[in-house]
Amino acid sequence: MRRDARSGQRTTKALLRSSPHLASWILALALIVTWQIAADAVPGMASLASSPLLVTQRLITMTENGDLWHNLLPTLEETIGGLLLGLLVGICGGVLMARSRFAATVLDPYVIGINGLPRVALGPFFVVWFGIGILSKVLLAVSIVFVVVLFNTREGIESIDHDLVDALRSMRANRWQMLRHVVVPSLIPWLLAATKIGIGLALTGAVVGELVGASSGLGWYITNSLNVIDMTGAVTALFVMAVVAMVMYYAVLLIERRMLAWRPQATVHAR
Amino acid sequence: MDASRSSLVVKNVSVRYAQRGARQVSDLPAVTDVSFSVAAGEFVAIVGPSGCGKSTLLKAIAGLLPLASGNVAFGSGEETRVGFVFQTDALLPWSTASSNIELALRLAGASATTARTRARALLAHVGLEHAAELFPGQLSGGMRKRVAIARALAYDPAIFLMDESFSALDAQTRIHVGNFFLSLLAESQQTVVFVTHDIEEAVVLADRVLVMSRGPGRIECEITVPLPRPRDYHTTRFAAGFDDLRRRVWTALPALQEMAQ
């Protein structure tokens, strides 16, 4: 009997080992169930931390009355806008600083300074300067995202295989051909890595901006809910943010698998 | 694989090597006043101790580094195509074997369709038909080197410039690729300048071996290799006269002279 139990344990363990995704889902389920039980069992718990059932109900009502889309859309726009603009600014800055020693020396202290600055502290300034609309959030996201992109772009350019450059130069490739066949493909892994990190950073920028001052958005929805001590509303918005971040991350991961098919294993870690 | 072979005249060439250190840019002489010539269809090997500037010299001949003084003239004129084969395979890792070769053909002016069919033919020629759609990362070192040679062939060069091209390969693969290269040369009679630190390899491959001094490099002496062709990358090492030639190159090398002192 004891032996049976043990071998049963062993097969479960083997099953989970062989399928980490299944284990991941089981863990999620366990967390949700625990949360629900705690919310039901502990008096006052549901009003402090809501519960899975309450959040599900809220999601359904929010979908039906349009609140979800109304608040999701601006946050998505700010996050994606901030990410794309952050990539653009970071790539331009990175290329400039990698190509020009002068520019690198002049700009380095500023980049380091900005990097060290907790940019969420810029949120109130940006809202005062650029209004409570989408612009202030996009810019806040950009200010956080661009530094990672810049660092990665610089590092990527500096680590371009010089033999590849020489190989194409020996075949008289022009600047455009060099860019297309060597520089851009060399940078792609670095930029994808920066993008993966940038998703969370852009979302942070967007939501912090909304917390400071907005008239819609998931961050605004949190502030608004907390003002009337509606924990379920706040937790629902948090949950939607997590889903947004995950969906965006996996979208980039899919792109990466396609673009980096040539690599033995398609992962790069950003610095 | 056209027989558009070029001679090469290197006259009083000096190259300075700008190196960016932590604090300053140092500008060191790497090659000083080197002159030699290579006849069309000739195979010349350049040997020398490491750091003597032989690779720098080759890159300067290819136009990849600027000359501090002197000049380099190709027999077939200014627009001479150079097939440079590196120590690393220098294949684009994000392009398949076929597209790497196609790129060389496209850069040489071929149309996309011509490039495609010629790339296939060249891959078949180097025995890698089956690897056309594989990425360099999926190929072995020897296969990558064959693709790199096929790419150089595709560019249809008037002269091959080879920088330690086989030294990164393991001994057996080196014999294999070396022989493969010798058989290609027997067909095409290409002009080759081959830089190596491996004296035996230089003697096996070349018609003439130039010995460079310790840096900044100069040509110390030249040794003609009268061994008959066709040669074999491995068995030629046991041919009559090989040992004698090898010894002559050895003793000409500055490293050995220093040790003898």
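Note on naming: letters A, B, ... go to the chains in the order of the sequence lines (proteins, then strands), and numbering restarts at 1 for each one. Everything numeric in this text was worked out from a predicted model, so none of it was measured. Values reported hereafter were calculated over all heavy atoms of this structure, with side chains retained and with hydrogens, waters and symmetry mates removed.
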Go through the steps for Arg172(A) and Leu107(B) under the test side-chain contact (heavy atoms from CB on, under 4.5 Å), then give the verdict. CA-CA 7 Å; Arg172(A) 306 238 168 93; Leu107(B) 290 176; over 6 Å; no

side-chain contact (heavy atoms from CB on, under 4.5 Å) for Arg151(B) and Met171(A)? Distances and angles first, verdict last. CA-CA 10 Å; Arg151(B) 179 178 66 176; Met171(A) 295 187 275; 4.0 Å; yes

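Without hydrogens or angle criteria, Trp94(B) side chain to His181(A) main chain gives a donor-acceptor distance under 3.5 Å.
Contact annotation for Ala62(B): neither backbone nor side-chain heavy atoms come within less than 4.5 Å of a heavy atom of chain A. Contact of Val165(A) with chain B is not made at all, since no heavy-atom distance falls under 4.5 Å. The contact between Leu91(B) and chain A is made entirely by backbone atoms, counting heavy-atom distances below 4.5 Å.
Environment of CZ in Phe239(A): sparse, with no more than 12 heavy atoms of neighbouring residues, nucleotides or ligands closer than 6.0 Å. Within a 6.0 Å radius of CE in Met259(A), other residues, nucleotides and ligands contribute 12 heavy atoms or fewer. At most 12 heavy atoms of other shown residues, nucleotides or ligands fall within 6.0 angstrom of atom NE2 in His21(A).
Distance check, rounded to the nearest 0.5 Å: OG1 of Thr96(B) to CH2 of Trp262(A) gives 13.5 Å. With values rounded to the nearest 0.5 angstrom, Ile61(B) atom CD1 is found 13.5 Å from Ser170(A) atom OG. One distance of note links NE2 of His162(A) with CG of Leu64(B); it measures 9.0 Å at 0.5 Å rounding.
Side-chain contact check for Asp163(A) versus Asp89(B): every heavy-atom pair is 4.5 Å or farther apart. Within the 4.5 Å cutoff, the side chain of Asp166(A) has heavy atoms near those of the Phe86(B) side chain. Using a 4.5 Å heavy-atom threshold, the side chains of Pro93(B) and Leu164(A) count as touching.
The candidate with the highest count of non-hydrogen atom pairs below 4.5 Å against chain A, out of Thr88(B), Leu103(B), Val85(B), Val82(B), is Leu103(B).
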